[in-house]
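Notes for the one structure printed next.
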Amino acid sequence: MPDLYARESRSVSKMAHLRFFPQAVVGGNGAYLTGDDGRQLLDFAASWGAASLGHSHPAVREAVHRALSDQAGASYLSTANEPCVLLAEKLLSLVPERARGRVWFGHSGSDANETVARMVVAATGRPRILAFSGAYHGGTVGSMAVSGHPAQQGARAEGLTLVPYPNSYAAGSPEAAKDAALAHLEKLFATEVSPEEVAAFFIEPIQSDGGMLVPPDGYFKAVEALCRKHGILLVSDEVKVGLGRSGRFNAFEHSGIEPDIVVFGKGLGGGLPISAVVGPEAIMNHAVAFSLQTVHGNPVCAAAALAVLRAIEHDHLVENAERTGTVLRNALDRLAARQTLIGNVRGRGLALGIELVTDRASREPAARQTALTVYRAFQLGLVLYYVGVRSNVLEFTPPLSLTENQAQEGVAILDQALADVAAARVDESLPAAFAGW
């Protein structure tokens, strides 16, 4: 009998809705993926950060094997299971005191953020939510309803108000960006939105999908003060940038704030589907059967998540993200000095972005060149993707275990890719069938 799986895996065209990248993989180990053509690809994306420990990590593999060898059911609905309880206890210990009440488990950042959006309105009786323009909080109907990314076509929630995320590069300086964003909020509360009607402000401690934007110092402290003044809950979406990626366990720690609710996802399961919401008991226990699906709290995924958290601590991966992230950032800064397509390098730890522009003076986005760079890098053996509201920001979310040598290796490949694009050595028709947002 022919090996139908092997044959199918070698045909990206079989996957009608996958129009982003001509990438097909058959395996992976650590920071490398194995392509269906046998090539070893250095992974600077980690499946949008979901493979937080890299691929085939032994701790995750062993935890999943143990959980499946004597499986404690398949859900935490109506039945407590030990991995789920232990994971909840661990997560409660990793958030600020004001959020240390109860834990809800889901499958992804999307269902987690949707749950929070419905929960805060129901529990507070306030009908409005604030979020950022450019924000991506998920791909379900409810999470798109509180997002602000222009690539999403879903309807926004009736009570949603979007506010600008401070963009230091576009504004010319961090202070200018901070002042403009805070002035917008103050004017909004004074003239358009009654703050007493706002249930929560969904924040991104780093706005990843909106362009890997880093908030200016002091911005979120001022936002926190406004929220406390008006009784608005502060919700930190840590789905992509949390769990050590920024060089702190929680990315909001860089801003010195204490959110009321923390949302985890992506890398929490090390590649398996699990998310978590951690928040105050009065909010989390507002109603029974409020948001549940049958395999929420699956013990196998919970066991994987526990293994991820233990590996982050045992292997000092938060420190590695800061150390290796600094090496990577410095190498990218040096690259910017000689690659004219690079307008700005930004980020924290191993959550970094490069904004590509056609002209540094005008800062005109180089969307076409960004797509070509991603495609050419893949040809040369490096996997990375692009984000941003104008599709011109290269995003770096590699495994937290990335080494300094691997960081340098990836930058060398990127250097060649950028040079090839700048010199028009890349066939512009190649990525046409794989358009992203």
Side-chain angles (χ1 to χ4, degrees), residues 30-31 42-55 57 59-60 90-91 94-95 108-109 112-113 135-138 203-215 220 236-255 257 259 262-272 274-276 278 304-305 307-332 345-354 383-387 393-404 406-407 410:
L42 179 57
D43 188 3
F44 267 21
S47 296
W48 299 99
S52 52
L53 302 186
H55 308 285
H57 193 282
V60 175
K90 184 64 176 176
L91 288 172
L94 295 170
V95 300
S108 69
N113 279 315
Y136 181 93
H137 293 299
I203 70 165
E204 299 158 292
I206 300 172
Q207 189 175 73
S208 51
D209 291 283
M212 203 55 82
L213 300 176
V214 177
F220 276 126
S236 185
D237 183 343
E238 299 274 326
V239 171
K240 187 186 281 190
V241 298
L243 299 172
R245 177 161 298 286
S246 70
R248 305 279 180 90
F249 183 82
N250 298 298
F252 64 75
E253 294 172 26
H254 291 279
S255 296
I257 61 173
V262 184
V263 183
F264 298 106
K266 289 194 188 296
L268 180 60
L272 273 70
I274 186 170
S275 60
V278 188
V308 167
L309 295 178
R310 288 166 178 165
I312 288 173
E313 182 176 346
H314 180 268
D315 298 341
H316 306 288
L317 295 184
V318 177
E319 295 83 355
N320 186 68
E322 182 176 20
R323 182 176 58 254
T324 304
T326 298
V327 170
L328 180 56
R329 171 66 184 268
N330 290 340
L332 294 175
V345 180
R346 53 183 177 255
R348 283 178 168 144
L350 289 175
L352 298 171
I354 292 180
V383 174
L384 75 161
Y385 305 136
Y386 62 84
V387 293
V393 179
L394 300 174
E395 182 186 71
F396 302 82
T397 55
L400 301 180
S401 54
L402 190 79
T403 68
E404 295 180 14
Q406 290 166 344

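To the nearest 0.5 Å, atoms CD (Gln406) and CG (Leu328) are separated by 11.5 Å. Note that the OG atom of Ser236 and the CZ atom of Phe264 stand 8.0 Å from one another [nearest 0.5 Å]. Taking CD1 from Ile312 and CG from Leu400, the interatomic distance works out to 5.5 Å, rounded to the nearest 0.5 Å. Here Leu213 contributes atom CG and Glu204 contributes atom CD; the two are 9.0 Å apart, rounded to the nearest 0.5 Å. Going from atom CD of Glu253 over to atom CD of Glu238 covers 8.0 Å, rounded to the nearest 0.5 Å. Between the CG atom in Asp43 and the CG atom in Leu402 there is a gap of 9.5 Å [rounded to 0.5 Å].
Among the candidates Lys240, Arg245, Arg346, the single residue satisfying the salt bridge (Lys or Arg N to Asp or Glu O under 4.0 Å) test with Glu395 is Lys240. Just one residue in the list Thr324, Leu352, Leu350 forms a side-chain contact (heavy atoms from CB on, under 4.5 Å) with Arg329, and that residue is Leu352.
Considering only heavy atoms from C-beta on, Pro215 comes within 4.5 Å of Ser255 through its side chain. Proximity of Phe44 to Leu394: side-chain heavy atoms (C-beta onward) are nowhere separated by under 4.5 Å. Using a 4.5 Å cut-off on side-chain heavy atoms (C-beta onward), Phe220 and Phe252 make no contact. Residues Pro205 and Val241 form a side-chain contact, since some pair of their non-hydrogen atoms from C-beta on lies under 4.5 Å apart. Residues Ile206 and Ser246 meet the side-chain proximity criterion, which asks for heavy atoms closer than 4.5 Å.
Here the closest heavy-atom approach between residue Asn113 and residue His137 is recorded as ND2-O, 3.0 Å. The nearest pair of heavy atoms linking His57 to Ala59 is ND1-N, 3.0 Å. The nearest pair of heavy atoms linking Val387 to Ser208 is CG2-O, 3.4 Å. Shown here for Pro399 and Leu53, the closest heavy-atom pair between the two residues is CB-C, 4.1 Å. Closest approach of Leu91 to Ala276, counting heavy atoms only: CD1-CB, 3.6 Å. Residues Ser52 and Gly270 approach most closely at OG-CA, 3.8 Å, considering heavy atoms.
Surrounding CD of Glu319 are more than 12 heavy atoms belonging to other residues, nucleotides or ligands, all under 6.0 Å away.
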Quiz prompt | Ser401 vs Asp315, side-chain contact (heavy atoms from CB on, under 4.5 Å): CA-CA, chis, key distance, verdict | solution = CA-CA 8 Å; Ser401 54; Asp315 298 341; over 6 Å; no
Exercise. Before giving the answer on side-chain contact (heavy atoms from CB on, under 4.5 Å), spell out for Tyr136 and Asp237 the whole-Å C-alpha distance, their side-chain angles and the decisive distance to 0.1 Å.
Key: CA-CA 10 Å; Tyr136 181 93; Asp237 183 343; over 6 Å; no
Exercise. Start with the C-alpha gap between Leu268 and Val308, add the side-chain angles, then the distance that decides, and say whether side-chain contact (heavy atoms from CB on, under 4.5 Å) holds.
Key: CA-CA 7 Å; Leu268 180 60; Val308 167; 5.6 Å; no
Quiz item: Going through the distances and angles, do Leu384 and Thr397 end up as a side-chain contact (heavy atoms from CB on, under 4.5 Å)?
Solution: CA-CA 8 Å; Leu384 75 161; Thr397 55; over 6 Å; no
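At distances below 3.5 Å, not a single donor-acceptor pair connects side-chain atoms of His254 with backbone N or O atoms of Val214. Within the 3.5 Å criterion, the main-chain N or O of Leu94 finds a donor-acceptor partner in the side chain of Asn250. Within the 3.5 Å criterion, the main-chain N or O of His316 finds no donor-acceptor partner in the side chain of Asn320.
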